There are 2 protein chains.
Amino acid sequence: MATSDSLIRALRNAGMRVTAPRRAICTVLADPDNGHLSAPEVQGAAQIVLDAPIDLSTVYRTIDALQEAGVAHHVHLGPGASVVHLTEEEHHHHLVCDVCGRTVDLPLEDLDSLAVLLRRHGYRPDTVHFAIVSRCREHPA
Amino acid sequence: MATSDSLIRALRNAGMRVTAPRRAICTVLADPDNGHLSAPEVQGAAQIVLDAPIDLSTVYRTIDALQEAGVAHHVHLGPGASVVHLTEEEHHHHLVCDVCGRTVDLPLEDLDSLAVLLRRHGYRPDTVHFAIVSRCREHPA
DNA sequence: CTCGATGCAAAGGTTTTGCACCAGG
DNA sequence: CCTGGTGCAAAACCTTTGCATCGAG
């Protein structure tokens with residue numbers, strides 16, 4: 001599990017500054033109660049943590065910073081905003097319903113064959129993220 | 001392979017009208033030389049085919065119509081616009097590089113185990129679309 | 001003729017960027 | 001200090017929607 005501190009440390013190690021807004025954003029991202037949040041959602045939660053307004057552009061730039069520090073990705077799961085995904089989280093799928101957008105997380109362990117396939121194409125399986133778009137039980141074609 | 005005619009026929013069968021802009025859009029989508037195009041890209045190509053301007057909203061509404069007719073999906077592969085994916089195409093993965101956005105198509109046959117997994121979660125494997133975001137050989141972490 | 005599709009315009013949401021100011025190291 | 005982060009504002013995108021008009025069936 002990535003902790004708020006490990007994210008902060010990653011920023012510092014990458015030669016970046018640690019500010020109050022960034023601390024709040026890292027706290028939000030590291031909270032296991034939060035699922036995959038979009039940038040506007042991160043803004044809302046971080047403002048509560050900090051008890052002060054944080055600009056959306058700051059959120060995006062912080063996400064970029066975390067990405068450059070190698071501890072986060074942002075991924076598009078469907079229509080609407082993209083969500084933030086921590087690199088150090090246990091890797092998993094996202095099964096997304098085409099219609100209702102409901103997301104199911106799947107552990108990666110069932111899919112060792114996939115790692116082999118990825119490597120065959122020169123991709124690095126350890127940074128893999130999955131977004132599988134399909135239809136859930138309640139929304140047949 | 002889906003042909004331009006099969007797309008047109010699908011529209012007609014669904015009780016929808018076939019117009020000049022729609023014909024041009026279907027021609028573009030059915031062209032195997034075209035990869036997965038975003039709506040703005042479809043607009044550009046279709047305008048050349050038709051040799052007349054086509055409104056972006058018309059492109060979006062036509063994509064919606066094809067989706068309702070069951071012959072197309074639109075999928076978000078990464079940052080930026082979503083792309084159109086024909087249902088009758090052979091199903092495949094999209095391996096997307098996090099950094100450069102380069103996409104590799106993978107045949108589905110290697111991944112029968114995935115279909116089982118999806119079914120176990122109540123998803124319908126025949127409408128599956130894959131977007132796997134990772135890093136390609138030229139962009140290590 | 002009738003209903004659906006088109007184009008135009010406007011609006012909504014996400015994401016990016018320029019710039020002056022402030023603060024972390 | 002000095003560089004990099006912040007907030008504010010504006011803009012760039014993608015996408016959706018309302019409405020009058022046009023044209024397919």
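Every value quoted in this text rests on a predicted model; they were computed, and no experiment measured them. Below, read A as the first sequence line, B as the second, and so on, with proteins coming before strands; counting in each chain starts at 1.
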K.L.:
Decide yes or no, distance alone: a donor-acceptor N/O pair under 3.5 angstrom between the base of D/dG4 and the side-chain of A/Arg17.
P.N.:
yes
K.L.:
Distance check: side-chain N/O of B/Ser38 vs OP1/OP2 of D/dC14, anything under 4.0 Å?
P.N.:
no
K.L.:
Separation of A/Leu50 atom CG from D/dG5 atom C1', in whole Å?
P.N.:
14 Å
K.L.:
I need the CD1-C1' distance between A/Ile63 and D/dG5, as an integer number of Å.
P.N.:
15 Å
K.L.:
Might you point out which heavy atoms bring B/Leu11 and B/Arg22 nearest each other, and give the distance in Å?
P.N.:
CD1-CD, 4.2 Å
K.L.:
Between the axis at one end of the helix from C/dC1-D/dG25 to C/dG25-D/dC1 and the axis at the other (five pairs apiece), what's the angle to 10 degrees?
P.N.:
40°
K.L.:
From CG of A/Leu11 over to P of D/dT6, roughly how many Å is that when rounded to an integer?
P.N.:
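It works out to 10 Å between those atoms.
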K.L.:
Test side-chain contact (heavy atoms from CB on, under 4.5 Å) on A/Ile63 and A/Val84; report intermediate values, then the result.
P.N.:
CA-CA 8 Å; A/Ile63 293 171; A/Val84 182; 3.5 Å; yes
K.L.:
Take atom CD of B/Gln43 and atom P of C/dT6, then tell me their distance rounded to the nearest Å.
P.N.:
13 Å
K.L.:
Which listed nucleotide (D/dT15, D/dG4, D/dG7) is nearest to the side chain of A/Ile54?
P.N.:
D/dG7
K.L.:
Find the distance A/Leu56:CG to C/dT16:P and express it as a whole number of Å.
P.N.:
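The answer, rounded to whole Å, is 11 Å.
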K.L.:
What is the distance from OH of B/Tyr60 to P of D/dT15, rounded to the nearest Å?
P.N.:
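These atoms are roughly 3 Å apart.
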K.L.:
Which distance, rounded to the nearest 0.5 Å, do you find between the CD of B/Gln43 and the CG of B/Leu50?
P.N.:
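It comes to 11.5 Å.
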K.L.:
Could you tell me if the ring centre of A/His85 sits under 6.0 Å from that of A/His74?
P.N.:
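When the ring centroids of A/His85 and A/His74 are compared, they turn out to be at least 6.0 Å apart.
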K.L.:
In terms of the nearest nucleotide of DNA chain D, which residue is placed more toward the 5' end: B/Ser57 or B/Thr19?
P.N.:
B/Ser57
K.L.:
What is the distance, rounded to the nearest whole Å, between atom CZ of A/Arg23 and atom C1' of D/dT6?
P.N.:
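It is 15 Å, rounded to the nearest whole Å.
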K.L.:
For A/Arg12, report the nucleic acid contact type (base, sugar-phosphate, nothing); a contact means any heavy atom under 4.0 Å.
P.N.:
sugar-phosphate
K.L.:
Under a plain distance cut-off of 3.5 Å, with no hydrogens placed, do A/Thr3 and A/Asp5 share a side-chain donor-acceptor pair?
P.N.:
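Absent: no donor and acceptor within the cut-off.
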K.L.:
Report yes if some heavy atom in the side chain of A/Arg23 is under 4.5 Å from a heavy atom in the side chain of A/Val18; otherwise report no.
P.N.:
yes
K.L.:
Is a donor-acceptor contact shorter than 3.5 angstrom present between the side chain of A/Arg61 and the base of D/dG5?
P.N.:
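Answer is no: no donor-acceptor pair is held.
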K.L.:
Rounded off to whole Å, could you give me the CG-to-P distance for the A/Asp64 and C/dT14 pair?
P.N.:
17 Å
K.L.:
Is the shortest side-chain heavy-atom distance between B/Leu29 and B/Leu66 below 4.5 Å?
P.N.:
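Heavy-atom side-chain distance check passes, below 4.5 Å.
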